[in-house]
Amino acid sequence: MAGFNLVNGGLSIALVSFIALITQEAFIFPSLGATAFILFYVPMAQPASPRNTLCGHLIGALMGLLALYLFGLQDAPSAFVSSVDLPRVGAAAVSLGLTSCLMVLLKVAHPPAGATALIVSLGLMPNPSQLPILMAGVLVLLVHAFLMNRLSGIPYPLWSSDAAGPALSLSPERP
């Protein structure tokens, strides 16, 4: 399982990064690393489903943008270029809170989406025009996960929420 994750996690991030290099667009962003880990380590867990992955990242990005606008930060430099001030604290808190709430209400939990909300609300990807690129990066990762998991004999993806609980793993050493 460690080798499977080494190869596929690395390949998936390299693929998305290569697309970013060629296009000079932000296809790669930090929360994709956590998504790749989930897709290859617990592919049959509910948070690894394509529905949860796509919807979770979309919700996170939208709530990050909403928070930027609510706190008047849409044109402000990122928190990493300037400093963290009270509006930025508010934007980060609201984006993560709303993302978490909506994922639970809509039954599309995908923990890395919380990081996506913070990436946007902290100003790393503040433009609405970046949203389709962000989601395309998620989609590339999902396609790679589908192909590699299927080629390895793993019946990914899990489509039905009734098929498995969040703790289901293919790893024999875990319950």
One should read off an interatomic distance between Asn8 CG and Leu141 CG, to the nearest 0.5 angstrom, of 10.5 Å
Interatomic spacing from CG in Leu139 to CG in Leu54 - rounded to 0.5 Å: 6.0 Å
Qualifying side-chain hydrogen bond (donor to acceptor under 3.5 Å, both in side chains) pairs, either residue in residues 14-34, two or more places apart: Ser31-Thr116
Side-chain hydrophobic cluster, 4.5 Å single linkage: members besides Val7: Leu11
Using the side-chain contact (heavy atoms from CB on, under 4.5 Å) criterion, which residues pair with Val84? Sequence neighbours excluded. Ala79, Arg88, Val89
Criterion side-chain contact (heavy atoms from CB on, under 4.5 Å) on Phe37 and Asn5, from CA distance to verdict: CA-CA 7 Å; Phe37 179 79; Asn5 277 272; 4.3 Å; yes
State, yes or no, whether a side-chain contact exists between Pro50 and Pro157 at a heavy-atom distance under 4.5 Å. yes
Ile119 side chain near Pro30 side chain, heavy-atom distance below 4.5 Å: yes
Atom pairs and distances, side-chain donor-acceptor, residues 61-78, under 3.5 Å, sequence neighbours left out:
from  : atom 1 : to    : atom 2 : distance (Å)
Ser78 : OG     : Phe80 : N      : 3.1
Ser78 : OG     : Val81 : N      : 3.3

Out of curiosity, does Ile13 fall in the hydrophobic cluster containing Leu21 (side-chain heavy atoms, cut-off under 4.5 Å, transitive links)? no
Hydrophobic clustering (ILVMFWY, side-chain heavy atoms < 4.5 Å, transitive) - are Leu6 and Tyr41 grouped together? no
Do Ile28 and Val143 sit in the same hydrophobic cluster, where Ile, Leu, Val, Met, Phe, Trp and Tyr count as joined when their side-chain heavy atoms come under 4.5 Å apart? yes
Asn149 side chain to Ser152 side chain, donor-acceptor N/O pair below 3.5 angstrom: no
Only pairs under 3.5 Å count here: list side-chain donor-acceptor contacts from residues 96-109, not counting sequence neighbours, and write none if there are none.
from   : atom 1 : to    : atom 2 : distance (Å)
Thr99  : OG1    : Ser95 : O      : 2.7
Ser100 : OG     : Leu96 : O      : 3.0

Going from CZ on Phe27 to CG on Leu15, what distance comes out if it is rounded to the nearest 0.5 angstrom? 10.5 Å
Side-chain (Tyr156) to main-chain (Ala48) donor-acceptor, under 3.5 angstrom: yes
Grouping I, L, V, M, F, W and Y whenever their side-chain heavy atoms are under 4.5 Å apart, do Val140 and Leu151 come out in a common cluster? yes
Distance-minimising heavy-atom pair for Ser12 and Phe40: OG-CE1, 3.7 Å
Throw together a table of side-chain donor-acceptor distances under 3.5 angstrom for residues 125-138, partners on residues two or more places apart or in other chains.
from   : atom 1 : to     : atom 2 : distance (Å)
Gln130 : OE1    : Asn127 : N      : 3.0

Please confirm whether the backbone N or O of Asn52 pairs with a side-chain atom of His110, one donor and one acceptor, at under 3.5 Å? no
